[in-house]
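The structure under discussion appears below in the form of structure tokens.
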Number of protein chains: 2
Amino acid sequence: MSLNHTPNAERVHIGIFGKRNAGKSSLINAITGQDLAVVSEVSGTTTDPVYKAMEILPLGPVLLIDTPGLDDTGKLGELRVHKSWQILNKTDIALLVIDERQGISPEDEAILNRIAKKQIPCIIVMNKHDLMPENQKVSLPENIGFPAIEVSASTGYHIPELRELLTSVYHVPEEKFRIVGDLLSPSDFAVLVVPIDKAAPKGRLILPQQQTIRDILEADATAIVCKEYELRETLENLGKKPKIVITDSQVFAKVSADTPKDILLTSFSILMARYKGNLETLVKGVSILDQLKDGDRVLISEGCTHHRQCDDIGSVKIPRWVRNYTGVEPEFSYSSGTEFPEDLSSYRMIIHCGGCTLNEREMKYRIACSEDAGVPITNYGIAIACMQGILRRSLEPFPSISAYLENHKDL
Amino acid sequence: MSLNHTPNAERVHIGIFGKRNAGKSSLINAITGQDLAVVSEVSGTTTDPVYKAMEILPLGPVLLIDTPGLDDTGKLGELRVHKSWQILNKTDIALLVIDERQGISPEDEAILNRIAKKQIPCIIVMNKHDLMPENQKVSLPENIGFPAIEVSASTGYHIPELRELLTSVYHVPEEKFRIVGDLLSPSDFAVLVVPIDKAAPKGRLILPQQQTIRDILEADATAIVCKEYELRETLENLGKKPKIVITDSQVFAKVSADTPKDILLTSFSILMARYKGNLETLVKGVSILDQLKDGDRVLISEGCTHHRQCDDIGSVKIPRWVRNYTGVEPEFSYSSGTEFPEDLSSYRMIIHCGGCTLNEREMKYRIACSEDAGVPITNYGIAIACMQGILRRSLEPFPSISAYLENHKDL
Ligand SMILES: Nc1nc2c(ncn2[C@@H]2O[C@H](COP(=O)(O)OP(=O)(O)OP(=O)(O)O)[C@@H](O)[C@H]2O)c(=O)[nH]1
Ligand SMILES: Nc1nc2c(ncn2[C@@H]2O[C@H](COP(=O)(O)OP(=O)(O)OP(=O)(O)O)[C@@H](O)[C@H]2O)c(=O)[nH]1
Ligand SMILES: [Mg+2]
Ligand SMILES: [Mg+2]
């Protein structure tokens with residue numbers, strides 16, 4: 001596979017931030033050695049985030065994100081600045097571009113604080129060095145905590161050094177969490193409950209089911225797959241007790257009833273949330289259900305548009321269950337596919353699908369945007385487990401979040 | 001999903017055949033009501049098969065295949081005619097276009113025989129009716145067995161009737177075979193042996209494995225998935241005997257040794273061949289291994305290009321096993337991806353991969369082309385089972401081909 005075919009989700013995302021006219025677009029052209037980005041002396045040339053897939057040596061395949069200026073003004077300008085800030089949630093390396101002659105502005109400091117809080121590697125790029133008077137020197141604030149480099153996008157001064165610096169600040173993400181393998185010993189049995197309804201993709205298994213089976217095999221354990229109606233008999237016919245039962249959230253109640261109390265029980269949804277590092281956030285998010293009031297806005301959000309199954313759950317079942325569980329009448333809104341509201345501030349909570357069709361980066365982005373906006377977020381599976389009173393049981397396999405549950409006896 | 005997005009493999013394939021200048025391309029334009037195909041009074045305007053995806057009411061999404069004239073001459077012309085004949089192997093409905101003034105020629109009769117033999121629904125389209133003298137009447141050969149219709153591509157005469165006729169001659173393909181569900185009763189255990197090597201797609205299961213699990217669930221049975229090294233212990237720990245063990249062909253020998261003789265054993269490869277209706281042909285094809293001689297040309301053909309696993313098997317393992325099994329030194333050729341040799345006549349046999357990345361239609365096409373050329377074809381899994389001496393055991397679940405094996409005690 002040629003590097004040109006690297007999917008965007010797998011590219012290192014480099015977000016380029018800075019005030020209008022700082023030379024962000026020029027810097028992209030200088031780094032890549034190509035005239036990719038529109039450059040002009042008019043302030044506010046770049047008005048929407050622009051994505052460029054590129055190969056930058058020695059770093060490898062990257063996605064450069066050119067953003068609107070951080071000091072844009074007016075109603076529209078504010079919206080643009082908000083977008084630039086949201087881009088941080090998908091940024092692996094941030095470049096803050098400043099016009100060296102002007103030094104660091106309050107807008108620059110504000111985003112630097114945010115970058116530091118999000119623990120994103122960052123480089124301060126002092127651009128237009130060619131225009132600096134011989135004996136003038138910028139003073140950066142003390143303890144800024146990020147490396148700075150003087151460059152000129154126009155002359156190419158220090159551009160190779162900047163490329164090297166990109167590589168040295170970037171931390172390759174740590175090894176992935178396991179899905180379930182860490183809970184299993186070799187030869188353990190793990191039982192998977194997979195309902196087959198007409199909505200399931202014909203002749204296939206959905207990705208979380210495939211991934212879970214793979215992970216079980218990689219742990220030298222055995223995966224036992226059956227429908228919800230066969231679970232009881234399957235358990236009876238196994239010569240030894242399975243270590244864990246993993247079910248589709250939709251049949252949680254039945255499976256919980258049919259699984260003896262001394263066998264661990266959880267859902268694909270919970271396993272995938274843990275695998276992606278989101279379990280704690282999503283469990284915390286579900287607790288807001290208990291505080292919902294009439295008229296509170298609840299956003300139900302789905303990653304896929306065509307999947308009839310999700311559709312039913314999101315538009316029909318979840319709202320009904322929420323009304324029954326809470327006894328109140330919230331106002332439900334829906335989003336699906338790649339659309340996700342820019343402005344989340346009016347929502348009381350977000351209930352998102354498992355996100356199996358979204359890449360991990362997009363799902364993390366949505367969760368981070370929710371956190372930025374202070375809106376609790378949970379997912380279908382965790383919400384269903386909570387509303388059916390089996391969240392506690394389904395989280396038992398994961399002692400690390402028990403402490404949190406101890407303080408929320410109601411869940 | 002809009003009909004424009006129907007994948008070609010799912011469209012009804014309509015092959016348009018006939019002599020040069022009969023009006024094949026004109027007919028396509030008349031049927032579709034669009035100027036899609038190049039028309040001219042020069043004989044031999046269409047020199048390569050041309051595919052047009054279209055919606056024809058009332059039939060639905062179709063793929064029209066315009067072919068070169070059946071009476072083309074010279075070395076190149078012959079090749080073109082050969083191609084037109086091969087198109088029959090992907091044709092669901094054949095239209096034989098004749099210039100009504102000329103009547104049916106020997107070339108037309110030859111292809112009609114072939115069409116009849118392949119049991120493809122066909123319509124004889126007597127075109128250019130507008131040029132027929134008032135009181136002249138063509139006489140079709142008796143018992144031709146296909147409906148005929150007089151049309152004019154130029155004036156549109158009888159074109160709506162032809163469209164209706166297309167729908168009435170087309171037989172929707174019968175219900176698919178089952179993969180394994182027909183061998184299972186509710187609550188049966190079926191054990192799947194899935195080796196996990198670094199070549200397997202990360203975090204996923206390949207399609208035949210997914211499809212098999214789905215089919216087992218649809219039969220209300222339970223799928224038990226383990227690696228080859230865990231099979232023995234898994235079998236010991238099951239409280240009841242599984243009905244069948246299904247293994248990846250690559251670990252056939254080990255799995256056969258570890259599976260008690262009173263449990264049915266087969267491979268994904270054999271199940272998929274049966275599912276696609278090709279098992280008998282491919283089992284017959286493998287018998288030629290016993291007659292291979294030094295220097296015989298063996299084509300090893302793969303559906304995918306990037307799949308390291310297939311690659312290893314095809315280029316390294318299969319040739320080695322064939323040499324060991326036969327004791328002769330054949331000459332191996334390779335093809336991969338969508339390329340498949342036009343001319344198969346020089347090969348003694350073809351060993352094809354399972355074809356999991358090819359659509360069913362393409363695989364059927366390749367098998368039909370091999371049959372046309374009189375070249376035996378088999379697949380990796382069946383060849384491996386044969387060379388490891390366990391073909392007989394792995395076909396036991398399918399009594400329908402036992403009769404054939406009875407006459408080939410050597411396999
Ligand atoms: N002399 C000099 N001029 C530069 C340098 N970098 C950028 N410029 C000029 O500064 C102006 C603004 O550059 P852009 O790259 O469009 O700046 P931007 O940050 O993308 O601006 P907006 O998209 O409006 O936010 C252009 O006229 C550039 O030619 C540099 O290193 N030296
Ligand atoms: N009068 C009349 N002319 C027709 C009719 N159908 C086709 N023609 C003419 O016949 C000639 C050949 O038509 P094409 O559609 O190119 O024939 P073809 O079978 O595709 O020919 P090749 O591609 O050369 O094999 C053209 O000049 C058409 O205009 C018809 O129904 N009536
Ligand atoms: Mg710009
Ligand atoms: Mg033509």
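First the proteins, then the strands, lettered A, B, ... as listed; each starts at 1.
Contacts of B/Q211 with chain A are made by both backbone and side-chain atoms, with heavy-atom separations under 4.5 Å. Of the two parts of A/Q209, neither the backbone nor the side chain holds a non-hydrogen atom closer than 4.5 Å to a non-hydrogen atom of chain B. In this structure, chain A has heavy atoms under 4.5 Å from both the backbone and the side chain of B/L217. Heavy atoms closer than 4.5 Å to chain B are found in the side chain of A/F189, but not in its backbone. Looking at A/V194, the atoms closer than 4.5 Å to chain B (heavy atoms on both sides) sit in the backbone and in the side chain alike.
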Trace of the side chain to side chain contact (heavy atoms under 4.5 Å, CB included) decision for B/I213 with A/I213: CA-CA 11 Å; B/I213 294 174; A/I213 294 174; 3.9 Å; yes

B/V225 and A/V225: CA distance, side-chain angles, deciding distance, side chain to side chain contact (heavy atoms under 4.5 Å, CB included) verdict: CA-CA 8 Å; B/V225 193; A/V225 193; 4.2 Å; yes

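Under the rule for a side-chain hydrogen bond (donor to acceptor under 3.5 Å, both in side chains), the partners of A/N89 that lie at least two apart in sequence or sit in another chain are A/K118, A/D372.
Contact count against chain B (heavy-atom pairs under 4.5 Å) is highest for A/N237 among A/L231, A/N237, A/L238. Of the residues considered (B/I216, B/T234, B/D215), B/T234 shows the highest number of contacts with chain A, using heavy-atom pairs under 4.5 Å. Of the residues considered (A/G239, A/P186, A/C226, A/A190), A/G239 shows the highest number of contacts with chain B, using heavy-atom pairs under 4.5 Å. Here A/Q210 is the residue among A/Q210, A/K240, A/E233 with the most heavy-atom pairs under 4.5 Å with chain B.
The nearest pair of heavy atoms linking B/D220 to A/K227 is OD1-NZ, 2.6 Å. Taking both residues in full, the closest heavy atoms of A/L205 and B/R214 are given as CD2-CG, 4.1 Å, listed atom of the first, atom of the second, then distance.
At most 12 non-hydrogen atoms from other residues, nucleotides or ligands lie less than 6.0 angstrom from CD of A/E280.
Distance check, rounded to the nearest 0.5 Å: CZ of A/R232 to OG of B/S187 gives 12.5 Å.
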